[in-house]
Structure formats: C-alpha cells, structure tokens
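Proteins get letters first, then strands, A, B, ... in listed order; numbering begins at 1 in each.
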Amino acid sequence: MDETRDQNAAPAGRPQGGIAARALAARGGPVAPPAADYLAGLNPEQRAAVETTEGPVLVLAGAGTGKTRVLTTRIAHILATRRAFPSQILAVTFTNKAAREMKTRIGHLVGGEVEGMPWLGTFHSIGVKILRRHAELVGLKSNFTILDTDDQIRLIKQLIQAENLDDKRWPARTFANLMDGWKNKGLTPDKIPEGDARAFAEGRGRTLYRAYQDRLVSLNAADFGDLLMHPIAIFRDHPDVLADYHRRFRYILVDEYQDTNVAQYLWLRLLAQHSPERAQNGQEGVNVCCVGDDDQSIYGWRGAEVDNILRFERDFPGATVIRLERNYRSTAHILGAAAGLISVNQDRLGKTLYTDLHDPEHEKVTVSAGWDSEEEARAIGEEIEQLQRKGAKLNDMAILVRASFQMREFEDRFVTLGLNYRVIGGPRFYERQEIRDALAYFRCVCQPADDLAFERIVNTPKRGLGDAAIRLLHDYARAKGLPLLAAAADLVGGDELKARPRAALAEVVRNFERWSGLLSTMRHTDLGEMILDESGYTEMWQADRSAEAPGRLENLKELIRSMDDYESLPGFLEHIALVMDTEQNAETDAVSIMTLHSAKGLEFETVFLPGWEEGLFPHQRSLDEGGRSGLEEERRLAYVGITRGKRRVKIWFVSNRRIHGMWQSTIPSRFLDELPEDHVDVLEPSTSYGGYGAGGMGGYGASRWDGNAFSTSSYGTPGWRRAQAAGGSGGYAGGRGRAIEYGEGGVSGSDARSRASATADKYIARDGAAGGSGRPDAAARAGPDRAGFAGRLSDPFSDNRSRGANQPPRKGGGLYSSARAGGPREIEGTLVAKSVADEPSRFSAGDRVFHIKFGTGTVAVVEGNKLTVDFDRAGQKRVLDGFVEPA
DNA sequence: GGGCTCCGCCTTTTT
DNA sequence: GGCGGAGCCC
C-alpha cells in the first residue's frame with residue numbers, strides 16, 4: 001500500500017481536495033470548489049473519506065464515528081462537484097432501512113433531488129433490477145416472481161417427495177438452509193463440495209439443488225439467493241453486459257462491508273475491479289469505496305465473511321485506508337466498557353475509539369442482577385418510568401435482546417404498565433398468513449403462471465377442493481406442461497373431476513380471468529379489495545370467530561391502504577417481495593424493543609441490555625457450532641449492543657430464565673467478566689434483590705462473578721458482595737454453573753407431558769411451602785437473599801399468589817436449592833425427589849462416564865435419572881443417564 | 001372432504 | 001409453552 005495515503009496521514013492535512021482533486025486535475029477535470037457547506041463540521045478523517053473520491057478506498061469506521069454521514073456526504077460531494085450523475089453511482093446497503101435513510105439524508109444534503117439515484121439500494125433490490133434487464137440470459141422472463149421462504153419450502157418439499165425421499169427424515173427447511181448457504185457462497189449445483197452434496201438426502205443433495213433450480217426456471221421464479229447468483233452468472237458469461245455496467249457505474253459505494261458474503265463479494269468485485277480492458281482505454285478502475293467495521297461483523301452465520309474487509313487491499317491494490325476512530329455518540333465510560341470487551345477478541349484489525357465526551361457526571365455502565373426474567377422486565381420497566389418522570393423521552397430508550405423470545409416478557413410487562421413500546425423487526429407484516437394469502441391472490445392475477453401462489457389459495461377459503469382434486473390438477477398440469485391455472489381452465493371443461501370440485505374450480509378460473517382482465521383498467525387498490533371480497537377471502541375472516549380474526553381483517557385493510565403508494569399491482573408486488581418490513585411511525589413516544597442484530601446502526605440515549613447469561617448470550621448454539629469464532633461473533637454482538645448507547649447503558653442478567661417453556665437456572669455471561677471495572681457499576685437492586693440460582697456463578701475460571709476476585713471498588717458494593725457471598729454459599733461443589741431445568745419436574749421436553757399432573761401437585765404443595773420461606777433462619781440457609789424474598793412475600797402488590805403451574809421457582813425457595821443444597825425445606829425436597837427421581841440412576845457422583853457428543857467426564861451430581869456431569873472438554877452439562885455409559 | 005386431536009419440534013440472528 | 005403437520009374419525 002502506498003504509505004503516504006495510509007489512514008489518518010495524508011489527505012487530511014493537505015489543502016482541500018487532496019487526492020481527489022489531484023486525481024481530477026490529472027485527468028484535466030475540474031478541481032473541486034472550495035469547501036462547500038456540506039463539508040463543514042467533518043473531522044479530518046471524515047473529510048478525507050469524503051474527498052478521496054478516486055481510486056479504491058476502504059473506510060474502517062468504528063461505532064458512532066459518523067459512518068453514514070461520511071457515506072451520504074461522499075455521494076453529495078460527488079454529485080455537487082459533478083463528478084458523476086446520480087445514475088452513475090452505485091450505492092449498496094444491507095438493509096432497506098439503511099437504504100431509506102441514506103436516500104433521505106442525501107436528499108437533505110443536495111436538496112431533495114435523489115429521485116435520480118436509481119442505483120441506491122440493497123444488494124438484493126439492485127440484484128433484481130439487474131436481473132430484470134437480462135432475465136433471458138439465465139432462462140427467465142423479465143417478469144419473474146421472487147419466491148418467499150414459504151413458497152421455497154413448499155417447492156422443495158414437493159421435490160423431496162418426487163425423489164421418493166422421506167420428507168420427515170429430510171426436512172425441506174433443512175435443505176432450504178443448506179441451499180441458502182451454498183448460494184451465499186456463490187456456489188452453483190456443479191460447484192458445491194462433494195461432502196455437502198452427499199450429506200443430504202442419501203447423497204442426492206446435488207440432484208435436488210439442480211432439480212430445484214430447474215423448477216424455478218419453469219416457474220419463472222427466482223429465490224433470494226438467485227438475486228445475486230444470476231447477476232454473477234450473467235456478468236461472468238456475458239462480458240459485454242458487464243462492460244456496459246462498468247461504463248455506467250463510475251462510483252461504487254458499499255455500506256457495512258464487513259457483512260458481505262462471498263456471493264456479494266463476487267458480485268461486487270465483478271462490477272468494481274479494474275479490468276484490463278478499462279486499463280487499455282486509459283480509464284481508471286472503478287472508484288470503489290467500502291465502509292465497514294470488522295468489530296461489528298455479526299452476520300457470519302449468514303455467510304458473511306469478515307475476510308472480505310481484511311483482504312480489501314489485496315483485491316484493490318493501491319487502496320487508501322482511512323480509519324474513523326473519533327466517536328461522537330457515547331460517553332467515555334460506554335466506550336471504555338465496549339473497548340475492554342472487544343479487546344478480548346483476537347481476530348480484528350484493531351481500532352481505538354476515542355471521544356471528547358468526558359464528564360465526571362456521566363454514569364458508568366451498570367450491571368444488575370435479577371431473580372428471573374419477569375423481575376428483569378419489571379425492574380427495567382420501573383427504570384424506564386423513572387427516567388420518563390425525569391423528562392426522558394421513550395423514543396430515546398431501547399431494549400436490545402439477543403433472541404426474539406425475550407421480547408415477550410417486556411411486552412407483557414409494558415402492556416400492564418401502559419407503557420408505549422414498539423417492537424422492531426418482530427413478526428413482520430408481510431409475513432403474516434392473511435397478508436401472504438392476499439398477496440398470493442394478487443400474484444396469480446398478475447402472473448397466471450405463478451403456481452406456488454395458486455397452490456396457496458386454490459382452496460383458501462375452503463371451496464371443497466381437497467387432496468384428490470388438487471392431485472388430479474397437478475397430474476394434468478404436468479402431463480400437459482401447463483401452469484396450474486391454465487390446466488384448471490382446461491380441466492373444468494372435461495369430466496375428470498367430480499361435479500362439485502369441478503364447479504368450484506370453474507369459479508376460481510372464471511374469477512382469475514375476470515380479475516386479470518381488469519388489471520389494466522381498474523385502479524389497483526380497488527381491484528385488490530374486489531379480489532379479496534369476491535374470492536370470499538374477506539368473508540372467511542369475517543366469519544372466523546377467533547380472537548385474531550379482527551386483527552387480520554385490519555391488516556388486510558392496511559395492505560390495501562399501503563398499495564396506494566405504488567403505481568400498479570405488479571409494482572406493489574415487486575416492492576413487497578424485497579422489502580419485508582413496514583415503516584414504523586416514530587410519531588408516538590415509545591420504547592423500542594428489538595434484537596441486537598436489528599439494532600446495528602441505531603443509537604439511543606439509554607440502552608437496556610437484558611439477558612446476559614451463558615447459553616443465551618453468548619448463545620449456546622453459536623458456541624456449539626461456531627467455536628471460538630462463534631464466540632467472537634457473539635462478543636461483537638455485545639459490542640454492538642453497548643455502543644448503541646449514548647448516555648446510559650444498563651446490562652442485566654438473571655438467575656432463572658424460561659427457555660422452551662421450561663425454567664432453567666442460568667449463570668452470568670462471561671462477557672460481564674470482560675467489562676473493565678473502571679467503567680462499570682454493579683448496582684444494588686432497585687426492587688427485591690434477585691440473587692443467583694444456588695451456586696450458579698462463574699464456571700469460566702477465576703471470575704469476579706464467583707467470588708474469587710471482587711476486590712475493586714466498583715465490584716465491592718454491598719449488593720455485589722452479597723451476590724458473591726450468596727453464590728459462594730450455594731452449597732454446591734465448585735460453585736460452577738450449569739443449566740438446570742425447572743418446571744416440569746426438571747425433565748426434558750419429550751416426557752414433560754406425562755408429568756403434567758405431577759407438576760400440578762408439586763406446585764400446589766409448593767405454594768403451601770412458600771410461606772415457610774419467610775422464616776429468616778430457614779431461608780438463610782437455603783439460598784441467596786432471603787430478606788428480599790421475605791419482603792416480597794409481604795408486599796401487597798406482589799403477584800406471588802397468582803403463580804400457576806410452571807412458574808419459576810421462588811427466590812430462596814427454589815426446587816433446586818432445596819434439593820441441591822439439602823436445605824431445610826423438606827416438603828419441597830420430597831416433591832422434587834418424587835417428580836425427578838422416577839428411576840434411580842446407575843451412576844453416582846464421582847463416576848467417570850462417556851457421552852457420545854460431549855465425550856468423557858465426571859459425574860458431579862445425580863438427581864434421579866438426571867446427571868450433572870463435568871465433561872473434560874465440553875464443560876458442565878445436564879444429561880439423562882440413558883445417554884451416557886460408564887467410561 | 002373437513003375437522004379434530006395428537007405429536008414433535010422449536011427459538012439466534014435476516015436480505 | 002405454542003405452532004404446524006400428520007393422521008384419524010366423522
């Protein structure tokens with residue numbers, strides 16, 4: 001790399017224009033005019049990133065360093081200095097949200113004329129655009145449909161059945177994921193690794209993939225992966241087409257470059273790389289600018305390759321690398337906490353964020369403990385209300401969770417409190433059943449050959465077209481080589497079908513013919529409404545007396561309303577195939593609830609980060625499947641979470657969480673240990689103190705969280721010490737953590753049902769025993785913080801009474817603590833024994849055992865037929881004794 | 001052909 | 001604990 005152009009060094013200090021101006025001057029182009037308004041307020045690095053328009057540029061932009069600002073200003077700059085027309089700029093983002101935001105921000109900068117930026121969009125939307133122009137080159141027509149996941153699964157299922165494979169043993173969903181992985185890597189059926197091909201469906205993975213692609217062509221359809229795969233194939237096989245795009249795109253910008261997968265990378269490289277032909281013509285390579293942050297790479301599971309960012313300089317020799325490290329968003333404490341955490345990762349380019357926001361008044365990042373997820377939600381709800389009373393806006397607060405199931409608890413709580421909230425990225429509008437059904441009708445009208453859509457609604461609402469009739473239709477269509485709707489039109493003229501289904505099908509055919517005929521004359525919103533009414537679909541939901549029906553009708557109305565924003569029915573369908581989200585109105589003041597993934601790129605004054613527990617965050621599956629890199633990705637996710645906060649970051653963890661409807665005792669996340677103490681406060685619980693599951697802390701070597709090292713002041717608060725003490729006195733060997741299942745007698749899901757009655761008994765008994773928890777002495781020996789628990793019992797607002805079956809174990813009186821620690825609550829101990837110990841185990845503590853997945857280990861605890869085993873390599877796990885054998 | 005019940009799997013993240 | 005799918009019965 002050219003040293004003088006490295007990072008902070010060069011362009012910044014030069015007279016304005018820098019490399020860009022020089023490059024232009026060299027070409028005889030106009031030199032950029034003196035600093036325009038839009039450049040004001042940029043720091044030197046940002047300005048360099050904006051003004052270095054020529055040649056490849058990599059901007060390593062840390063969290064909150066003004067990345068979007070740089071990108072948008074850069075585009076504005078290119079436009080303002082007339083280096084290119086809007087249509088000559090390709091700007092790619094990852095999400096629709098980012099694309100939208102960029103559009104509006106450029107609009108503000110250049111004065112509202114971004115309508116002319118036709119090539120600003122997501123990888124997928126731009127992929128569609130390209131594919132529509134050259135569809136015939138890959139065997140499609142330009143009006144091809146884009147399959148949603150639903151269609152895709154149904155189609156794969158048909159193929160699996162056609163191969164006479166057991167679709168239970170080889171689930172369509174699994175294959176869809178597999179194929180998605182291949183497409184993310186840019187692999188066509190003949191390119192997939194032999195091992196992959198063999199692993200699925202008795203070695204027929206490749207055959208299936210091929211059959212699937214063939215089927216898509218015959219359906220004139222493309223799936224999401226194809227929106228990248230097809231353009232790549234077109235560029236590769238048709239140099240003339242590629243050359244055309246090379247001429248067109250003078251500037252390429254890519255946002256979130258760290259999240260690009262191999263396919264996107266290939267796509268981009270084809271478009272952006274300096275080609276010999278261009279060099280001969282004396283043209284420069286395309287001016288490509290990629291912006292990203294390796295520390296925020298959180299989509300590895302989806303095929304993203306951080307490697308892309310790491311090898312940028314190799315791919316684009318002579319690249320300028322600019323680091324944005326000055327953070328404008330967060331306080332020094334927040335940055336410090338985030339920096340400490342992320343520094344544990346080994347695979348990183350390394351950036352050091354700094355800020356001018358130093359103020360002794362600033363709060364440290366807080367860590368709070370709760371007893372269970374319900375308490376977590378309640379306490380966070382209270383904190384939010386407190387902040388609100390002090391004048392804070394709900395819009396400035398967000399709760400960022402690891403997994404979407406965590407959202408529910410907050411929603412429930414906020415509904416009770418009457419606290420406004422909005423869920424972002426939750427169950428999406430266009431993925432709802434009624435919306436998909438309606439869209440299937442519209443698709444059939446616009447595209448009579450859309451068999452997947454037709455299948456979806458042919459008997460919805462019920463028309464008496466059952467399996468028999470549909471199978472006949474399928475066979476007929478296949479025999480004649482016709483789409484289903486056309487086949488149906490044929491079939492109703494004959495007598496193959498019985499009278500009733502024939503009449504029903506005939507009506508369907510007539511309807512679609514009529515609707516299609518109206519497509520060009522009728523207003524599309526009216527037509528949409530008419531289709532839903534005439535098909536009986538609206539009526540179906542009106543007749544439905546279930547609780548959701550009114551909501552569904554409301555959604556359908558909303559769908560029709562939203563069509564108004566589009567020119568035509570096909571135009572609308574195109575939009576929704578790609579943009580599966582609906583804009584959220586920020587009008588009302590509301591707390592945002594979303595996953596950490598969807599929070600990337602956002603910022604809030606106050607950020608709550610609940611659920612920092614091993615197994616949830618870092619997520620067990622990432623650890624199991626991703627190993628160290630999986631863990632590092634989780635850590636980056638934590639980093640993303642912390643760096644969303646501007647003033648306040650509040651982390652929570654609890655001792656008991658319900659996962660799959662079963663209560664599990666949890667241990668604090670290792671990430672908590674990695675937060676630098678100087679920037680963290682461990683809080684006294686604001687409500688009743690939520691201790692730990694007996695003995696459930698640490699587990700990852702010496703940890704502040706298991707009483708070995710809490711000597712510093714921030715971790716020396718009374719609450720903290722108490723937590724330590726409680727953890728240490730749990731009476732459990734080693735104080736190591738593990739996941740213990742509560743609820744259904746602590747059994748695995750499969751036989752939970754058979755225990756329903758035992759569970760009920762147990763809880764009835766436990767309610768009785770709960771009174772005993774109030775006895776200070778008894779409770780004192782049983783588990784953490786009984787004072788808090790006693791306090792709660794006497795709290796008239798406590799909802800203890802209403803606990804039904806499968807509630808979490810109560811504090812200090814948990815099933816686990818009494819059984820484990822041999823606490824004083826005999827009643828519960830007995831009940832536990834009854835519900836858990838159906839069969840005595842063959843093993844006892846100290847035995848060496850072997851498990852097929854976890855390897856060898858030592859039995860730590862035996863509870864009936866369930867063992868807690870310290871595996872030599874896999875750590876501590878709970879297993880049923882049937883799954884291990886003596887080692 | 002429709003509706004009911006039971007079973008199994010699931011819940012990481014998304015264009 | 002909740003949902004979808006399959007199978008059974010009417």
Side-chain angles (χ1 to χ4, degrees), chain A residues 92-99 121-128 146-150 153-154 157 167-168 171-174 177 180 183-184 223-228 256 259-261 263-264 297-304 400-408 424-428 430-431 433 459 461-470 498 500-501 504 577-581 594-600 611 615-626 630 633-634 636-637 640-641 657-663 743-744 748-754 756 759 804-807:
Chain A
V92 205
T93 65
F94 245 78
T95 62
N96 294 300
K97 199 163 63 183
T122 62
F123 275 102
H124 291 86
S125 66
I126 290 170
V128 179
I146 301 163
L147 296 193
D148 61 32
T149 333
D150 241 29
I153 303 271
R154 272 186 296 140
K157 196 164 177 181
D167 60 352
K168 270 194 160 153
R173 170 144 245 123
T174 309
N177 289 334
D180 195 47
K183 293 190 173 184
N184 282 338
D223 67 16
F224 258 72
D226 291 341
L227 301 183
L228 287 168
E256 307 280 15
D259 285 335
T260 49
N261 61 36
Q264 286 156 340
S297 160
I298 54 174
Y299 285 104
W301 53 275
R302 215 172 68 187
L400 310 182
V401 298
R402 175 65 182 85
S404 44
F405 75 83
Q406 292 173 262
M407 293 179 178
R408 191 162 166 172
I424 294 175
R428 281 169 294 180
Y430 292 115
E431 284 176 5
Q433 183 194 339
N459 199 32
K462 300 264 185 285
R463 310 185 161 90
L465 291 166
D467 275 358
I470 301 297
K498 290 196 186 123
R500 272 200 17 212
L578 291 169
V579 185
M580 293 298 265
D581 59 355
M594 71 188 93
T595 63
L596 287 159
H597 281 89
S598 42
K600 191 162 68 148
L616 176 60
F617 194 30
H619 199 280
Q620 193 55 47
R621 218 160 127 180
S622 302
L623 301 179
D624 292 346
E625 290 167 14
E633 181 153 314
E634 293 286 302
R636 290 194 291 268
L637 203 46
V640 167
R657 188 172 294 277
R658 190 161 56 180
I659 294 172
H660 309 320
M662 231 165 329
W663 286 97
E744 319 286 79
S748 63
S750 54
D751 55 347
R753 212 161 285 114
S754 64
T759 307
N806 198 19
Q807 294 294 320

As a test of reading the structure: which of [options] is closest to the side chain of [X], going by heavy atoms?
X: Asn459(A); options: dG2(B), dT11(B), dT15(B); answer: dG2(B)
X: Arg402(A); options: dT13(B), dT11(B), dT15(B); answer: dT13(B)
X: Trp301(A); options: dT11(B), dT13(B), dT15(B); answer: dT13(B)
X: Asn96(A); options: dT15(B), dG1(B), dT14(B); answer: dT15(B)
X: Ala469(A); options: dG1(B), dT14(B), dG2(C); answer: dG1(B)

For Ser404(A), report the nucleic acid contact type (base, sugar-phosphate, nothing); a contact means any heavy atom under 4.0 Å.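 It contacts sugar-phosphate atoms only.
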Report which part of the nucleic acid Phe123(A) touches: base, sugar-phosphate, or nothing (heavy-atom distance under 4.0 Å, all strands).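 Here Phe123(A) touches no strand at all.
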Partner set under salt bridge (charged side-chain N to carboxylate O under 4.0 Å, His left out) for Glu256(A), not counting sequence neighbours: Lys67(A), Lys600(A)
Rounded at 0.5 Å granularity, tell me how far CG in Asp180(A) sits from CG in Asp223(A). 7.5 Å
Rounded distance (nearest 0.5 Å) linking atom CD of Glu634(A) with atom CG of Leu616(A):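 That separation rounds to 9.0 Å.
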Ring geometry between Tyr299(A) and His597(A) (parallel below 30°, tilted from 30 to 60°, perpendicular above 60°): tilted
Hey, mind stepping through Gln264(A) and Val92(A) against side chain to side chain contact (heavy atoms under 4.5 Å, CB included) and telling me if it holds? CA-CA 10 Å; Gln264(A) 286 156 340; Val92(A) 205; over 6 Å; no
Over how many whole Å does the gap from [X] atom [atom1] to [N] atom [atom2] extend?
X: Asp180(A); N: dT13(B); atom1: CG; atom2: C1'; result: 13 Å
X: Arg500(A); N: dG1(B); atom1: CZ; atom2: P; result: 9 Å
X: Arg636(A); N: dT13(B); atom1: CZ; atom2: P; result: 18 Å
X: His597(A); N: dT15(B); atom1: NE2; atom2: C1'; result: 13 Å
X: Arg408(A); N: dG1(C); atom1: CZ; atom2: C1'; result: 8 Å
X: Lys498(A); N: dG2(B); atom1: NZ; atom2: P; result: 12 Å
X: Leu637(A); N: dT13(B); atom1: CG; atom2: P; result: 11 Å
X: Met407(A); N: dG1(C); atom1: CE; atom2: P; result: 21 Å

If you compare every side-chain N and O of Thr595(A) against the phosphate oxygens of dT14(B) (OP1, OP2), does one of them come in below 4.0 Å?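 Yes.
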For Val128(A) and His124(A): C-alpha separation, side-chain torsions, deciding distance, then whether side chain to side chain contact (heavy atoms under 4.5 Å, CB included) applies. CA-CA 6 Å; Val128(A) 179; His124(A) 291 86; 5.5 Å; no
What does the list of N/O pairs under 3.5 Å between the protein and nucleotides 3-6 of chain B look like, with a distance for each?
none

Reading DNA chain B from 5' onward, which residue's closest nucleotide shows up sooner: Thr95(A) or Leu465(A)?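 Counting from the 5' end, the first nearest nucleotide belongs to Leu465(A).
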Closer to the 5' end of DNA chain B via nearest nucleotide, is it Arg463(A) or Tyr299(A)? Arg463(A)
Atom pairs under 3.5 Å: protein N/O with N/O of nucleotides 3-6 of chain C:
unit_1	atom_1	unit_2	atom_2	d
dA6(C)	OP1	Lys157(A)	NZ	3.0

Stepwise, does the side chain to side chain contact (heavy atoms under 4.5 Å, CB included) test hold for Arg402(A) with Leu637(A)? CA-CA 9 Å; Arg402(A) 175 65 182 85; Leu637(A) 203 46; 3.5 Å; yes
After noting the C-alpha distance and the side-chain angles of Phe94(A) and Thr260(A), does the key distance pass the side chain to side chain contact (heavy atoms under 4.5 Å, CB included) rule? CA-CA 8 Å; Phe94(A) 245 78; Thr260(A) 49; 4.0 Å; yes
Could you check whether atom CZ of Arg173(A) has more than 12 heavy atoms from other residues, nucleotides or ligands sitting under 6.0 Å from it? no
